[in-house]
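Written below as structure tokens is the structure these notes are about.
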Amino acid sequence: MTWLAGYVLVGLVLTLWLVRLWIRWHASGERASRPRELANAELVYMEKLFRIREPIRLVAKVDRVYRLPGGSLVLVELKTRGQDRPYLTDIIQLSAQRLAIEVQTGVVVEPYAFVSVLGRNRKMRSHQVRLLDAAAVVDLHRRREAILAMRASPVYARTESVCRGCALRLRCDRFTR
Amino acid sequence: MSKRRKRPGDEVSATQLAEMGFCEKRVQLAHIYGEQATPEQRKAMARGQVAHQWYLEEGLAATADRRCFVATFVFGPDARETQVLRAYRDTVLLRRDWGRVLVAAYYRVAPSVCRIMERLPATVVGARRMLRIVVTCCETALSKRRSP
């Protein structure tokens with residue numbers, strides 16, 4: 001009898017697992033492209049512009065914003081690239097978007113976000129990233145202002161190999177020295 | 001190629017700020033000489049624009065057919081009543097702990113309620129009457145918040 005109950009239980013778990021797999025395979029449209037962690041979230045903003053004047057003058061256009069059942073927002077940014085991974089630029093962009101939304105709407109935006117990378121094979125994978133806090137975004141903005149005003153020395157890209165594709169390479173003193 | 005130099009202190013976009021994470025020297029050169037792109041970069045940008053358009057259309061299609069929320073189901077997505085309830089959710093409920101719990105619970109229950117109403121159209125009339133009372137209460141609460 002105990003064995004029979006065990007078999008029934010295992011069968012039930014297996015069936016539920018297969019149903020879950022079937023649903024995931026057959027998910028289509030927006031449901032299929034959203035990160036798995038946002039399965040119960042509501043899509044609230046798409047391609048929406050947010051603009052703030054304080055603490056910095058910033059404009060940010062978000063790709064998608066989801067509202068979690070608890071009310072907080074989560075950002076998702078779409079990227080098309082061959083490398084299936086998020087970059088520091090994605091994290092800065094999403095952190096700036098987070099600051100703009102929080103200041104403009106007053107709604108809490110989660111300190112994590114997703115970078116959905118659409119590869120050349122049309123397959124999309126989402127990567128969760130930790131965002132910078134507001135102070136770090138403001139500091140980065142100040143540094144940018146200082147660099148543009150020639151008050152600070154800019155740092156070059158981490159490796160020279162990434163400079164191969166740069167259109168401003170011929171103007172750069174990293175190569176003309 | 002835009003040669004207009006932005007003054008420090010001008011509005012910056014999230015994308016422009018993000019470029020600081022790639023190469024600060026490039027940010028400075030683009031500021032001095034204007035933004036420039038190689039043919040490969042232009043192709044990649046075009047590919048990105050197409051992908052973003054598809055991503056947007058997919059999102060719009062999903063939200064247009066969002067019938068799982070009771071007010072949207074009963075009144076329609078753009079009805080005044082639905083907008084009042086949305087405004088109440090955003091400006092009152094989501095700013096309080098108990099409100100967030102209530103919204104979370106509602107999101108769990110609402111799809112099942114919608115499915116029941118879909119099967120039993122007679123229940124929609126009753127739900128509409130009840131929701132109108134709720135909408136009036138929400139409107140009163142919102143107007144009280146707006147008035148100084």
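Hydrogens, waters and symmetry mates play no part in the numbers below; they use all other heavy atoms, side chains included.
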Is there a donor-acceptor pair closer than 3.5 Å between any side-chain N or O of B:Gln41 and the backbone N or O of A:Gly165?
-> yes
Donor-acceptor contact below 3.5 Å, side chain A:Gln93 vs main chain B:Ala14 = no
Mind checking whether [X] and [Y] sit in one hydrophobic cluster, side chains of I, L, V, M, F, W, Y counted as touching below 4.5 Å?
{"X": "A:Tyr87", "Y": "A:Leu75", "result": "no"}
{"X": "A:Val103", "Y": "A:Leu131", "result": "yes"}
{"X": "A:Val62", "Y": "A:Val108", "result": "no"}
{"X": "A:Leu49", "Y": "A:Leu94", "result": "no"}
{"X": "B:Leu102", "Y": "B:Val134", "result": "yes"}

Identify which part of [X] has an atom lying under 4.5 Å from any heavy atom of chain B, answering side chain, backbone, both or neither.
{"X": "A:Asp90", "answer": "neither"}
{"X": "A:Arg67", "answer": "side chain"}
{"X": "A:Val137", "answer": "both"}
{"X": "A:Val107", "answer": "neither"}
{"X": "A:Arg51", "answer": "side chain"}
{"X": "A:Ser116", "answer": "side chain"}

Selection from A:Gly71, A:Pro69, A:Ser153 maximising heavy-atom pairs under 4.5 Å formed with chain B | A:Pro69
Selection from A:Leu99, A:Leu58, A:Ile91 maximising heavy-atom pairs under 4.5 Å formed with chain B | A:Leu58
Any Lys/Arg nitrogen of B:Glu24 or A:Arg158 sitting under 4.0 Å from an Asp/Glu carboxylate oxygen of the other?
-> no
Is a salt bridge present between A:Arg53 and B:Glu11, judged by a nitrogen-to-oxygen distance below 4.0 Å?
-> no
From [X] [atom1] over to [Y] [atom2], what is the distance, rounded to the nearest 0.5 angstrom?
{"X": "A:Cys163", "Y": "B:Phe22", "atom1": "SG", "atom2": "CZ", "answer": "6.5 Å"}
{"X": "A:Arg143", "Y": "B:Met20", "atom1": "CZ", "atom2": "CE", "answer": "5.5 Å"}
{"X": "A:Arg174", "Y": "B:Cys23", "atom1": "CZ", "atom2": "SG", "answer": "7.0 Å"}
{"X": "A:Ile92", "Y": "B:Thr15", "atom1": "CD1", "atom2": "OG1", "answer": "11.5 Å"}
{"X": "B:Asp10", "Y": "A:Glu145", "atom1": "CG", "atom2": "CD", "answer": "8.0 Å"}

May I have the step-by-step check of salt bridge (Lys or Arg N to Asp or Glu O under 4.0 Å) for A:Glu42 and B:Arg89, ending in yes or no?
-> CA-CA 13 Å; A:Glu42 180 195 2; B:Arg89 176 195 64 189; 3.6 Å; yes
Given a strict heavy-atom distance threshold of 4.5 Å, which part of B:Ala51 is in contact with chain A: side chain, backbone, both, or neither?
-> both
Counting heavy-atom pairs under 4.5 angstrom with chain A, the leader among B:Arg26, B:His52, B:Arg47 is B:His52
How close do [X] and [Y] get, counting heavy atoms only, and between which atoms?
{"X": "B:Gln28", "Y": "A:Pro154", "answer": "OE1-CG, 3.4 Å"}
{"X": "B:Leu17", "Y": "A:Ala96", "answer": "CD2-CB, 4.2 Å"}
{"X": "B:Leu29", "Y": "A:Arg171", "answer": "CD2-O, 3.8 Å"}

Side-chain donor-acceptor pair under 3.5 Å between B:Glu58 and A:Ser33, yes or no?
-> yes
Crowding at CE, B:Met130 (>12 non-hydrogen neighbours, <6.0 Å) | no
Check whether more than 12 heavy atoms from other residues, nucleotides or ligands sit under 6.0 Å from atom CZ of B:Arg128, and answer yes or no.
-> yes
A:Arg144 versus B:Val12: any side-chain heavy-atom pair under 4.5 Å?
-> yes
Give the intermediate values and the outcome of side chain to side chain contact (heavy atoms under 4.5 Å, CB included) for residues B:Lys25 and A:Ile147.
-> CA-CA 9 Å; B:Lys25 185 69 190 176; A:Ile147 288 169; over 6 Å; no
Result for side-chain contact (heavy atoms from CB on, under 4.5 Å) between B:Tyr55 and one of A:Val76, A:Thr80, A:Leu118 points to A:Val76
